[in-house]
Amino acid sequence: MDKMHVLNRLQIKSHNSGAYPVDVAWSVTREAGEFVSIDPATEESIASIYRSSKQDYEKVMQEAQHAFLRWRDIPAPKRGEVIRAIGDELRKYKDDLGSLVSLETGKSKQEGDGEVQEMIDMADFAVGQSRMLYGKMMHSERPLHRMYEQWHPLGVVGIITAFNFPVAVWAWNAFLAAICGNTVIWKPSEKAPLCAIAIQHLCNRVLDQAGCQGVLTLFISDQHEMTQVLANDARVSLVSFTGSTAVGKIIYTTVTNRFGKILLELSGNNAIIVDEGADLTLAIPAIVFSAIGTAGQRCTTTRRLIIHTSIYKKLIKALVDVYQKITIGNPLDPNILMGPLIDKHAVAQFEKTVSEATQEGGRILFGGSRKQGKGFFVEPTLIEVKNHWDSVQRETFAPILYVMEYDTLEEAIAMQNHSAFGLSSSLFTQDLSHAELFLSAQGSDCGIANINIGTSGAEIGGAFGGEKNTGGGREAGSDAWKAYMRRQTNTINWGKKTTLAQGIQFEIA
């Protein structure tokens with residue numbers, strides 16, 4: 001990959017504005033200073049970004065408000081056509097965007113391309129959904145009355161995304177919010193700002209041509225107070241936040257204190273159960289990808305592997321053999337399976353977690369160390385543990401897979417559900433009764449429960465999200481569109497007299 005070629009095609013400069021639109025253009029203010037986007041594979045600067053100031057934010061907000069008044073009146077199928085055009089632009093630049101995602105976040109080129117494909121799929125989904133914003137008809141108990149419900153846009157939607165999926169999660173939210181008639185303000189992670197700038201440039205071309213400027217907007221800052229400005233702004237009808245549970249609690253409190261709507265996609269501590277009859281040719285590749293994909297920095301990463309006692313040693317040996325073959329290095333190399341962690345803080349957390357797990361009695365079966373040299377690389381790690389340990393029950397954004405044994409499926413399900421989080425879960429089995437138990441009300445308590453596939457790699461169409469400390473939000477599929485709209489119940493009296501409900505008589509002499 002020619003890095004400069006990719007950056008030029010995506011309109012990334014040495015110094016980039018962090019706000020759009022300001023006076024219907026990119027901001028030219030510089031008073032908030034700038035910060036640098038770092039390549040985690042080399043620790044080298046890619047480009048710098050001028051921070052958005054509070055004045056920038058205010059201008060972006062005003063433009064989003066004004067755009068909403070125009071956008072909401074455009075028929076939903078016509079709004080869908082605009083999103084279709086954005087999807088077409090994504091197709092044209094898929095390779096470049098995938099490379100930029102890999103360059104800035106350290107995920108493999110295959111995963112970077114896959115994330116852009118996820119945006120394309122989300123655009124297609126949203127286009128179809130734009131013709132299916134259905135309400136319901138209800139029978140009135142009163143004669144000559146018609147009762148129904150309909151859905152209206154909320155207004156301005158704020159989207160706060162994390163570094164690990166720097167573009168796809170924005171698309172999950174933004175494309176649905178937009179076809180529902182809302183305008184969008186995006187606050188991306190300060191660890192992946194260039195991806196957001198590239199997407200905004202792409203969207204601008206489509207929106208300018210359609211005469212829909214201001215529908216999708218952006219402000220970037222590495223100052224946490226700017227996130228709070230968005231969360232605390234009563235003009236923002238809905239805040240969608242993706243990130244850690246700790247930060248999510250702060251955002252939740254801020255937004256709900258002003259009676260705003262909130263959509264949360266927070267942490268996970270996901271488990272895979274492998275029963276005694278599982279097909280290991282299915283299980284092993286799925287386990288490994290779920291554990292080391294994005295270097296373990298997915299909310300759906302498999303962090304706990306719960307193995308039936310009868311196959312425990314066999315599966316552990318097989319996993320160690322596979323882990324020895326995992327290629328680690330520059331994520332833009334197509335032969336590399338695992339890239340770096342996002343920054344030096346993530347490496348420090350990896351080392352701290354490994355140390356805590358071993359201090360509690362954990363036995364390292366593979367890995368456990370950072371790689372020497374440039375870049376934030378660590379070894380994929382297997383640690384034999386007990387499920388109840390504090391280190392095991394925390395989310396760690398790193399390629400650490402905890403392994404443990406179980407005797408009965410009921411015991412394994414209880415171990416899996418013994419977590420503060422409830423995002424994703426999987427069972428590998430060839431036993432129908434085991435699968436049905438796992439998917440029943442007695443089984444997994446997670447928002448996602450899979451059979452014979454891993455915990456990560458959700459596809460567009462199904463509602464994505466989890467329970468408990470994962471936040472309860474749902475995005476990307478099913479009826480997730482309803483989160484971006486307000487419900488209104490309508491009753492029309494088309495008769496000639498007033499009739500009250502519940503048979504109430506109210507007559508004035």
Side-chain angles (χ1 to χ4, degrees), residues 162 164-165 169 172-173 240-253 256 262-275 286-287 290-291 293-294 296-306 353 385-398 400-402 404 406 409-429 434-459 461-480 483:
N164 57 334
F165 280 87
V169 171
W172 291 2
N173 287 273
S240 173
F241 173 80
T242 301
S244 71
T245 294
V247 177
K249 287 180 179 179
I250 297 171
I251 300 294
Y252 175 85
T253 300
T256 55
I262 187 77
L263 183 56
L264 297 173
E265 297 289 355
L266 308 177
S267 304
N269 191 10
N270 316 293
I272 290 178
I273 299 171
V274 185
D275 77 6
I287 292 167
S290 293
T294 319
Q297 298 170 115
R298 294 183 175 212
C299 54
T300 54
T301 291
T302 300
R303 311 194 186 281
R304 296 176 294 148
L305 182 61
I306 305 170
T353 300
V385 298
K386 298 297 184 182
N387 187 56
H388 66 274
W389 292 350
D390 288 344
S391 58
V392 177
Q393 286 301 316
R394 290 196 301 271
E395 181 190 49
T396 301
F397 245 40
I400 299 172
L401 180 60
Y402 298 115
M404 58 201 81
Y406 78 91
L409 184 58
E410 289 78 7
E411 176 191 4
I413 291 172
M415 291 168 69
Q416 178 205 276
N417 292 346
H418 180 72
S419 171
F421 311 104
L423 180 51
S424 189
S425 58
S426 297
L427 167 67
F428 280 84
T429 184
H434 284 188
E436 290 296 332
L437 174 61
F438 184 74
L439 300 177
S440 74
Q442 305 171 48
S444 170
D445 64 0
C446 295
I448 299 169
N450 298 325
I451 302 295
N452 293 331
I453 63 172
T455 58
S456 66
E459 62 184 270
F464 179 91
E467 301 301 320
K468 300 189 287 189
N469 284 4
T470 301
R474 292 297 185 275
E475 298 170 346
S478 186
D479 64 349

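Computed from heavy atoms alone, side chains included, the values below leave out hydrogens, waters and symmetry copies.
Across all their heavy atoms, I453 and S426 have their closest contact at O-OG, 2.8 Å. Smallest separation of non-hydrogen atoms from F438 and A449: CE2-CB, 4.0 Å. Counting all heavy atoms, side chain and backbone alike, L423 lies closest to C446 at O-CB, 3.3 Å. The two residues L263 and R474 have their closest heavy-atom pair at CD1-N, 3.5 Å. Closest of all the heavy-atom pairs between T302 and L401 is O-CD1, 3.6 Å.
Counting only distance, with no hydrogens or angles, the side chain of S478 and the backbone of A463 share no donor-acceptor pair below 3.5 Å. Proximity of a side-chain donor or acceptor of N270 to a complementary backbone N or O of R304 within less than 3.5 Å is not detected. Using modelled atom types, no side-chain atom of T470 and backbone atom of G268 make a donor-acceptor pair closer than 3.5 Å. Under a 3.5 Å cut-off, the side chain of T396 and the backbone N or O of A398 do not form any donor-acceptor pair. A donor-acceptor contact shorter than 3.5 Å is absent between the side chain of R303 and the backbone of E395. At least one donor-acceptor pair closer than 3.5 Å links the side chain of S290 to the backbone N or O of T455. Under the 3.5 Å distance criterion, the side-chain polar atoms of E265 are left unmatched by any main-chain donor or acceptor of G471. Formation of a donor-acceptor pair under 3.5 Å by the N269 side chain with backbone atoms of V392 is found in this model. In this structure, S244 contributes its side chain and V247 its backbone to a donor-acceptor pair below 3.5 Å.
Between N164 and F397, the closest side-chain pair of non-hydrogen atoms falls below 4.5 Å. Within the 4.5 Å cutoff, side-chain heavy atoms of I262 are placed close to those of I251. Residues F241 and L266 have side chains in contact (heavy-atom distance under 4.5 Å, counting atoms from C-beta outward). The side-chain heavy atoms of L409 and T429, taken from C-beta on, include no pair separated by under 4.5 Å.
Side-chain atoms of N173 and S240 include a donor-acceptor pair closer than 3.5 Å. Inspection of the T245 and S267 side chains reveals an N or O donor paired with an N or O acceptor under 3.5 Å.
Pairs of residues two or more places apart, or lying in two chains, that qualify as side-chain hydrogen bond (donor to acceptor under 3.5 Å, both in side chains) and include a residue from residues 434-446 are D275-H434, Q416-S444, S425-S444, D445-K468.
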Side chain to side chain contact (heavy atoms under 4.5 Å, CB included) assessment of N450 paired with F428: CA-CA 9 Å; N450 298 325; F428 280 84; over 6 Å; no
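Scanning for salt bridge (Lys or Arg N to Asp or Glu O under 4.0 Å) contacts around E475 gives an empty result, with sequence neighbours left out.
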